[in-house]
Each structure stands twice: as C-alpha cells, then as structure tokens.
Amino acid sequence: MASIKDVAAEAGLSVATVSRALNGHPSVSPAARHRVRAAVESLGYRPNAVARSLRTDQTRTLGLVISDVMNPYFTELARSVEEEARALGYSVVIGNADERPDLQDHHVTTLLDRRIDGLLVSPTDGGSPGMLDAARAGTPMVFVDRWIPGVDVPVVRSDGRAAVRDLVAHLHGLGHRRLAIIAGPAATTTGRERVDAFREALGAYGLSLPGAYIGQGDFQAESGRRATERFLDLPEPPDVVFAADNLMALGALDAVRARGLRVPEDIALAAFDDIPWFVHTDPPVTAIAQPTRDLGRAAVRALVERIAGQAGESVTLPARLVVRRSCGEPDGSGEPGGSRRSDEPGRSGGSTTESPSPVRNRPTESPSPVQRSTP
C-alpha cells in the first residue's frame, strides 16, 4: 500500500507539503496541489478517504512534540496542553524528541501523516529539516518554551531575565561572590538566553563570569554532575552553582554529595525550572519557577487560532524566583542555613575570584520582590 512518502516522491514534493495539500491548506499552490492529486491517483493512495476529493477535513487532533518527556517541566507542560485542548474539544498526540533532531523529524512526519489539525513544538537544537519544512509549508504551528529565530511561527514562552536578576541579587545579598552556571545547549534559545541573563545580572554587581565558571550541559542530569565535578576540582571553586534546568541541578546535587560535601555549607545550589521535588530535597532548592500551566494553555489557544486561519499571537509570561534554603538562606530559627565565613568583603571590582571571603551570615532582601516558600 502506498504511503504519504511515496506520494511525496512521486510528486517531487516534501512530505509536509503533501500533507498540507491533502488537508486542503490554502498555503499550497495550485501547481503543487495538482501534482499531489496526480500522484495520489497514480498510486491509489487513499488514507481515511481524504485524497478522494482533497477537501478540508479537520480531525480535532493536535500534535505536541516535546524535547524530553523525562524532564518534569515538559511533563507538566504536556499535561496542561492536554487539559486545555480537551476543554476546547481537541485530542492530543504526543511525541518525545529526547533532545534529538532526528526523532523530532520522525514525530513531526508521523503526526502530519495522521492528519493532525495543528502542531505544538518545543524545538530541539536549532530545529530539524522536517519541522522547518512543515513550518514553512504553512502547517498551523506554535513554538512553546523554545523557538527558532527567523521562523514565522508564534512563540509561547516565559521570560526568565527578571527572575535571574532577582536570583543574583538574592545571592549577592547572602554574601556570595563566586557564581558559576551549568548552561544548557548553546544551540537552543533557552540555553543561550539563561547564560546571557546570568552574565548580565552579575555585571550589575561588578561581577564577571569567567570561562572556568561556565559548565556546558545538555539539560540532562549526567551533564550537571560532570560540570559540578569540574567546578569542585578548581583551585578556587565557586560559592554557588546555578543549574540552568532542574535535571542538571539534580546532577549537581549528586556530585556534591558524592564528594562528601554539603549544600549549602560547602557550596550553594540554585536552579532554573522549579519542580515539586525541590521542596523534598535536603535542603529544599532555591529555584526559578516558570508558569508552566499557563504556558500550556496559552500555546493551545494560539494554535487553535492558527487552525482557524487567524494570526495567533505570541505570548511571553514572567518567571519568578522561589527562595528556599539551598543557598544559605535563614532557616525557621532565623539562623543562616549555610554560614561558613565571617568577614565582609568589599565589591569585587568585576571579578568573581577577587572576593574569597564573602559573608554568609547576614542575608539581605533582594531589591526585587520574590516569592518565598516555607516548605
């Protein structure tokens, strides 16, 4: 039996273009539509009887391709997408790209073959050929969490810059001066954005981000562990490790404990992407929380607008800092959770390594409001 790939080969077009033609999408040119019709008739391709008339026929089904189903952030995002879609009368089919562009393309092609009405994607790396083809062919699509600059697709995401500034202000107030980051993949927008925001926030306090204090991760726990081990082996380890996602933070915590060290007494830890587990770790982890449920709902609404032929608006929502006790914050008794130094230094003059003895026992409030959590 002929497949949509056979039709695409016969017509000399991409699978995405053939899929759009079969669904009557207006972006397909008359010439391309004629080639698809001829290929369909020649091969006898009849999926769900759609090709008999090439008419528009919605399935009330949305596709969701997420970067990593093992990441609790994306699990929660998928749940909120499914809930909102169901409320609007749609079903959702989910594909897990596992941070691999080839798997992303596989899921995109499979979902288009199933004649979904629209596609939500959290792009892996800089995208993938099939996904880019689908976007440029006019497939109703919305990027969620991550995006690809230059591709004309609505983006629903959170802005963590203000929350990162709040975090750095909070850490500076606790006396920390040597701050390191475990970054996500540079090929992803979130990977680049979080490092840039961290460096910018440090600069506001005259601190820099030396190369030795940047660990390259891949949003997986193992990369967080490796980066933290390297930090701990430095002649002057950082005061704080800021992991740019929750799984890398858990890897960092494993690395610290494997050395027989304690958080925050020996080294402090903060994370981007708050998860429910963080309130149950010892100590509970200070983290930046994204409005995950709101992002999922907004993404579905934007995609439904695209399916209806409307523009579909991009949405940016703010993230927030949730203060707990992994950075030396006071515990319930009012004593610092991580006091290990007693002398107050001056400003570091732009270097994270010029203030070797910051105070850990006189925390001050961040200049920006943050959410405080008492687990």
Side-chain angles (χ1 to χ4, degrees), residues 64-84 94 97 99 120-124 142-147 154-170 181-185 188-198 200-201 217-221 224 242-250 252 269-279 281 284-303 313-324 326-327 366 368-373 375:
L64 170 64
V65 181
I66 56 177
S67 304
D68 183 7
V69 74
M70 296 298 292
N71 187 320
Y73 166 77
F74 285 112
T75 304
E76 184 178 357
L77 181 68
R79 180 178 180 178
S80 65
V81 164
E82 195 278 332
E83 288 176 347
E84 183 67 14
I94 301 175
E99 299 290 357
L120 293 167
V121 183
S122 177
T124 297
V142 171
F143 290 150
V144 58
D145 183 65
R146 307 175 187 177
W147 66 99
V155 179
V156 175
R157 67 184 185 93
S158 70
D159 184 354
R161 288 185 178 273
V164 171
R165 289 196 297 270
D166 287 343
L167 173 64
V168 171
H170 173 68
I181 185 171
I182 307 174
T188 63
T189 48
T190 48
R192 296 190 301 271
E193 186 179 70
R194 291 169 193 177
V195 174
D196 291 344
F198 191 61
E200 180 182 298
D218 59 6
F219 292 140
Q220 302 291 322
F242 172 45
D245 96 318
N246 48 55
L247 293 182
M248 294 192 298
L250 293 174
L269 175 66
F272 204 105
D273 280 344
D274 192 22
I275 52 176
W277 306 343
F278 282 163
V279 300
T281 59
V285 177
T286 291
I288 291 173
Q290 299 196 72
T292 314
R293 294 176 65 84
D294 291 338
L295 290 173
R297 288 192 288 263
V300 171
R301 290 193 293 267
L303 182 58
E313 293 186 0
S314 292
V315 177
T316 302
L317 302 173
R320 71 187 191 283
L321 175 63
V322 181
V323 173
R324 296 190 179 104
S326 61
C327 297
S366 164
S368 300
V370 299
Q371 172 179 331
R372 298 195 173 273
S373 172

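In what follows, every heavy atom counts, from backbone to side chain, and hydrogens, waters and symmetry copies are set aside.
Annotation for Ala252 and Ile182: closest pair CB-CD1, 4.0 Å, computed over non-hydrogen atoms. When every heavy atom of Ala183 is checked against every heavy atom of Ala244, the shortest pair comes out as CA-CB, 4.2 Å. The two residues Pro154 and Ser314 have their closest heavy-atom pair at CA-OG, 3.4 Å. Taking every heavy atom of both residues into account, Ala289 and Val322 meet most closely at CB-CG2, 4.0 Å. The shortest non-hydrogen separation linking Val144 to Ala299 is CG2-CB, 4.1 Å.
Atom CG of Leu269 sits about 7.5 Å away from atom CZ of Phe278, to the nearest 0.5 Å. For the atom pair CG of Leu303 and CZ of Phe143, the computed distance is 12.0 Å after rounding to the nearest 0.5 Å. The distance from the OG atom of Ser122 to the CZ atom of Arg157 is 12.5 Å, given to the nearest 0.5 Å. Here Asp145 contributes atom CG and Gln290 contributes atom CD; the two are 5.5 Å apart, rounded to the nearest 0.5 Å. Within the model, atoms NE2 of His170 and OG1 of Thr286 stand 5.0 Å from one another, a figure rounded to the nearest 0.5 Å. Taking OG1 of Thr75 as the start and CD1 of Ile66 as the end, the distance is 6.0 Å to the nearest 0.5 Å.
Scored by the salt bridge (Lys or Arg N to Asp or Glu O under 4.0 Å) test, Glu99 finds Arg146 as partners (sequence neighbours excluded). With sequence neighbours excluded, the residues satisfying salt bridge (Lys or Arg N to Asp or Glu O under 4.0 Å) with Asp294 are Arg297. Listed by chain and number, the residues in a side-chain hydrogen bond (donor to acceptor under 3.5 Å, both in side chains) with Asn71 are Asp245, Asn246 (sequence neighbours excluded). When the salt bridge (Lys or Arg N to Asp or Glu O under 4.0 Å) test is applied to Asp274, the partners found at least two apart in sequence or on another chain are Arg324. For Ser80, there are no side-chain hydrogen bond (donor to acceptor under 3.5 Å, both in side chains) partners at least two apart in sequence or on another chain. Remark: Glu83 pairs with Arg79, Arg293 by the salt bridge (Lys or Arg N to Asp or Glu O under 4.0 Å) rule, at least two apart or across chains.
Side-chain contact between Val168 and Phe242 is absent, with no heavy atoms from C-beta onward closer than 4.5 Å. Side-chain atoms of Tyr73 and Leu295, non-hydrogen and from C-beta on, do get closer than 4.5 Å to each other. Taking 4.5 Å as the limit, some side-chain heavy atom of Ser67 sits within range of a side-chain heavy atom of Thr124. The shortest side-chain heavy-atom distance between Arg301 and Glu313 does not fall under the 4.5 Å cut-off. Using a 4.5 Å heavy-atom cutoff, the side chains of Phe74 and Leu64 are not in contact.
Paired with Phe219 under the rule side-chain contact (heavy atoms from CB on, under 4.5 Å), one option of Thr188, Leu247, Asp273 passes, and it is Thr188. Screening Ile94, Val156, Val142 for a side-chain contact (heavy atoms from CB on, under 4.5 Å) involving Leu120 leaves a single residue, Val142.
Not one N or O on the side chain of Thr316 forms a donor-acceptor pair closer than 3.5 Å with the backbone of Asp159.
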